[in-house]
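Below is one structure; the comments refer to it alone.
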Amino acid sequence: MISPPRLVASLALALALVVGTSSPAQAGGEVLKRSVSNIVCAPIDLALSPAVAGTTMVYNLKNVGDSTAVRYFYPPFGYLWLTGVQVGASVLRGVAGAIEFLPGLVLLPFDVEMTPLFGPAEKGEAYVDQDTPVFHFKVGVDYTTPPS
């Protein structure tokens, strides 16, 4: 069991490390907002993984100048691969949101920002991308295509 003075000292050290490595932000609470968004939206992303993989595959088949052989043999394996990548990225998004939750609570009263642990959720194109002052609802993120 950790004694209360050690717990306070550990939290103070963690806060000092986070604050010392972060850059100034426009407003407080962005870390917590991102964390909650990732926690809530990750399961929806997971459920949408097959649809996002299909959309990505169709886009790639139309816009990438592959040979005819690749166009015939890519779809079955490409779809499975893209679905797996989408599923894995959705899980990572949820884990990153859970990890950022406590620092988000600690940093709430301060005017500091922390670099996102999982950037693709922030930068990728999505089916729905609605930012509000309280919550950023972004689901159906394409984790495999670089942002345009």
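Everything numeric in this text was worked out from a predicted model, so none of it was measured. Sequential numbering from 1 along the given sequence is applied to the chain's residues.
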Partner residues of Phe118 under the ring-ring contact (aromatic ring centres under 6.0 Å, His included) criterion, sequence neighbours left out: Tyr143
Do Tyr127 and Lys138 touch side chain to side chain, with heavy atoms closer than 4.5 Å? no
Under a single-linkage definition using a 4.5 Å side-chain heavy-atom cutoff for Ile, Leu, Val, Met, Phe, Trp and Tyr, are Val128 and Ile39 assigned to the same hydrophobic cluster? yes
Atom of Ser90, atom of Ser49 and distance for their closest heavy-atom approach: OG-OG, 3.8 Å
In the structure I gave you, are the side-chain heavy atoms of Cys41 and Phe137 within less than 4.5 Å of one another anywhere? yes
Name every donor-acceptor pair, under 3.5 Å, that has one atom in a side chain of residues 77-85 and the other anywhere in the protein, sequence neighbours excluded.
{"residue": "Tyr79", "atom": "OH", "partner": "Pro50", "partner atom": "O", "Å": "3.3"}
{"residue": "Thr83", "atom": "OG1", "partner": "Tyr79", "partner atom": "O", "Å": "2.8"}

Can you list every pair that meets side chain to side chain donor-acceptor pair (under 3.5 Å) and has a residue in residues 96-105, with sequence neighbours left out? Arg34-Glu100
List the residues meeting salt bridge (Lys or Arg N to Asp or Glu O under 4.0 Å) with Arg93, not counting sequence neighbours, and say none if there are none. Asp45
Can you list everything that forms a side chain to side chain contact (heavy atoms under 4.5 Å, CB included) with Asp142? Sequence neighbours excluded, please. Val52, Thr56, Gln86, Thr144, Thr145
Side-chain touch Leu61/Pro75, heavy atoms, less than 4.5 angstrom: yes
Kindly write out the residues that satisfy side chain to side chain contact (heavy atoms under 4.5 Å, CB included) with Thr68, not counting sequence neighbours, or none if the list is empty. Tyr72
Does a side-chain heavy-atom distance below 4.5 Å link Val70 with Ser67? yes
For Val36, which residues count as a side chain to side chain contact (heavy atoms under 4.5 Å, CB included) partner, sequence neighbours excluded? Leu32, Val40, Phe101, Phe135
According to a 4.5 Å side-chain heavy-atom criterion applied to Ile, Leu, Val, Met, Phe, Trp and Tyr, with indirect links allowed, do Val31 and Val112 form part of one hydrophobic cluster? yes
Mind checking the CE-OG spacing from Met114 to Ser35? Nearest 0.5 Å is all I need. 8.5 Å
Partner residues of Lys33 under the side chain to side chain contact (heavy atoms under 4.5 Å, CB included) criterion, sequence neighbours left out: Glu30, Asp131, His136
Do Leu117 and Leu92 belong to the same hydrophobic cluster, where Ile, Leu, Val, Met, Phe, Trp and Tyr are linked whenever their side-chain heavy atoms lie under 4.5 Å apart, directly or via other members? no
